[in-house]
2 protein chains.
Amino acid sequence: MRVLVVEDEPHIAAAVERGLRAEGFGVDTAEDGEKGLLLARRNEYAVIVLDLMLPGRNGYDVCRTLRASDVMTPVLILTAKDGEYDEADALDLGADDYLTKPFSFVVLLARIRALLRRGAPQRPAVLTAGDLWLDPGAHRCGRGESLLELTPREFALLEYLLRHPDTVVSKTELLAEVWDAWFEGDPNIVEVYVGYLRRKIDTPFGRAAIETVRGVGYRLDGKGG
Amino acid sequence: MRVLVVEDEPHIAAAVERGLRAEGFGVDTAEDGEKGLLLARRNEYAVIVLDLMLPGRNGYDVCRTLRASDVMTPVLILTAKDGEYDEADALDLGADDYLTKPFSFVVLLARIRALLRRGAPQRPAVLTAGDLWLDPGAHRCGRGESLLELTPREFALLEYLLRHPDTVVSKTELLAEVWDAWFEGDPNIVEVYVGYLRRKIDTPFGRAAIETVRGVGYRLDGKGG
DNA sequence: GACGCCCCTGAGAGCACGCTGAGAGCGCGG
DNA sequence: CCGCGCTCTCAGCGTGCTCTCAGGGGCGTC
């Protein structure tokens, strides 16, 4: 899930970037409108966070140009409260939401999530497969009554599998989504972590939620094994 | 005192708007859910009057989305008596009151006044987690009978955690919310203050209300540890 | 039935992350 | 002007997580 941040004030850009990364987003930044446009056209972003006051090509211009070239990525506009621009204009130009500085980071996150939700179907708060459950918000998971202690990596892996139940996910896909899009290490790492997971969520319960599909990948049984 | 009316039937919208204006309210109207959402997010309303049967995005959806993006403005739901929706559902979604059409304007006004009296952000006077309690108004907190002496920063941190019990809050989020939205210092400060807090609220009582979720953040146990 | 590929697993190295103690800076009150 | 308390920085340390590697075993194929 990648986000593009177009913002010329370095400390704001850095704070937003750091925060979004901590929330699991991939982040690209651009310090002016020109670069923002380039990146927005070249890549597929889930959301674009766009400052209005930019050197050179301003946010209005960027937003209009994007829409004109059929880039329909949701755009969230940032601007100073006392700016010369009006929020109504921004929304007319095809922006999807609007936030005035200074704003709380949590609000920014909530807005971004809301934008993402609009496009995607609503996801339930807790993911389950049979008696196996995982709560992304509380960062907890378990099998029936038992709470399971997972490391961050194990948790991320299980979460991904639970989001794609009864579907074979390839090792490459897991590497890209759970690890890093540009992961270059030993792909064996996936097998290792699937092993760790099985020892925690399957073996103690005599179940087998994660099935190996030889030569293809892994499949999580929607009924928990 | 502004009110947002989201209603697609023009004559009802007009009647409600006229009536509310006569009572001294500022009124914005939206004829569908999408516009309603935009306005609700953009502006601060005292109350939102929301019809359930709307073209496109219906009232349920609007209400749920608003709550999900942390807009806590009181919502009063309007709906036809024989509609397919149930009152209980509406309240579950985070609506605050409920009125079936046809309704008398006087009743609508009374309900709106009641909602305003309740106060917009319906916050409990005292936040608790098990025997741990914090009174934001009195600026006091304690564990059971014992009063705890916290510095302002410690207090703010605990308050934030208590407002998000059983949820993992990231260090970034804490930096942004308890410190400053654009905090640039050493993020280690969060660990330091969590340490201070634990020494005051956990160690002396042999409890562990604040749990560390490695690589993600901290979680306050809703039962106080 | 034999071979080869893929997967599994145990051991271990490296290191990132979080915790803590010490102390500097600063504002405020005495 | 001094002392106190709060905030924040910094560096060291320990834990346990992540990842690598190599060997063994299972499954499919020929």
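Each chain gets a letter, A, B and so on, in the order its sequence line appears, and its residues count up from 1.
For dC19(C), one of the phosphate oxygens OP1 or OP2 lies less than 4.0 angstrom from a side-chain nitrogen or oxygen of T212(B). Residue K171(A) has a polar side-chain atom (N or O) positioned under 4.0 Å from OP1 or OP2 of dC7(C). Note on W179(A): a side-chain N or O is less than 4.0 Å away from OP1 or OP2 of dC19(D). OP1 or OP2 of dC19(C) has not a single side-chain nitrogen or oxygen of R199(B) nearer than 4.0 Å. For the pair Y193(A) and dT9(C), the criterion of a side-chain N or O lying under 4.0 Å from OP1 or OP2 is not met.
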- [ ] Test ring-ring contact (aromatic ring centres under 6.0 Å, His included) on W179(B) and Y160(B) and set out the steps.
- [x] CA-CA 11 Å; W179(B) 276 261; Y160(B) 190 84; over 10 Å; no
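Residues V168(A) and Y218(A) fail the side-chain proximity criterion, which asks for heavy atoms closer than 4.5 Å. Contact check for E159(B) versus L127(B): side-chain heavy atoms found under the 4.5 Å cut-off.
Between F155(B) atom CZ and dT7(D) atom P there is a gap of 13 Å when expressed in whole angstrom units. Spacing between atom CD1 of I189(A) and atom P of dT9(C) amounts to 14 Å, rounded to whole angstrom units. The nearest whole Å value for the distance from the CG atom in N188(B) to the P atom in dA24(C) is 18 Å. D186(B) has its CG atom 13 Å from the C1' atom of dC17(C), to the nearest Å. Put simply, CZ on R214(B) is 9 Å from P on dC19(C), counting in whole angstrom units. Look at CD on E211(A): it is 21 Å from P on dC6(C), rounded to the nearest Å. dC19(C) atom P lies 12 Å from atom CG of L197(B), rounded to whole Å. Following rounding to the nearest Å, I210(B) (CD1) and dG18(C) (P) show an atom-to-atom distance of 15 Å.
Heavy atoms of V194(A) sit nowhere under 4.0 angstrom from any nucleic acid atom.
Relative to the side chain of E191(A), the nucleotides dC7(C), dT18(D), dG18(C) differ in distance, and dC7(C) lies closest.
Ring geometry for F155(B) against H139(B) counts as parallel: the plane angle stays under 30°, on a 0 to 90° scale with 60° as the upper cut.
Between the W133(A) side chain and the G144(A) main chain, a donor and an acceptor come within less than 3.5 Å of each other.
Judged by atom type and distance alone, Y196(B) reaches the base of dC8(D) through a side-chain donor-acceptor pair under 3.5 Å.
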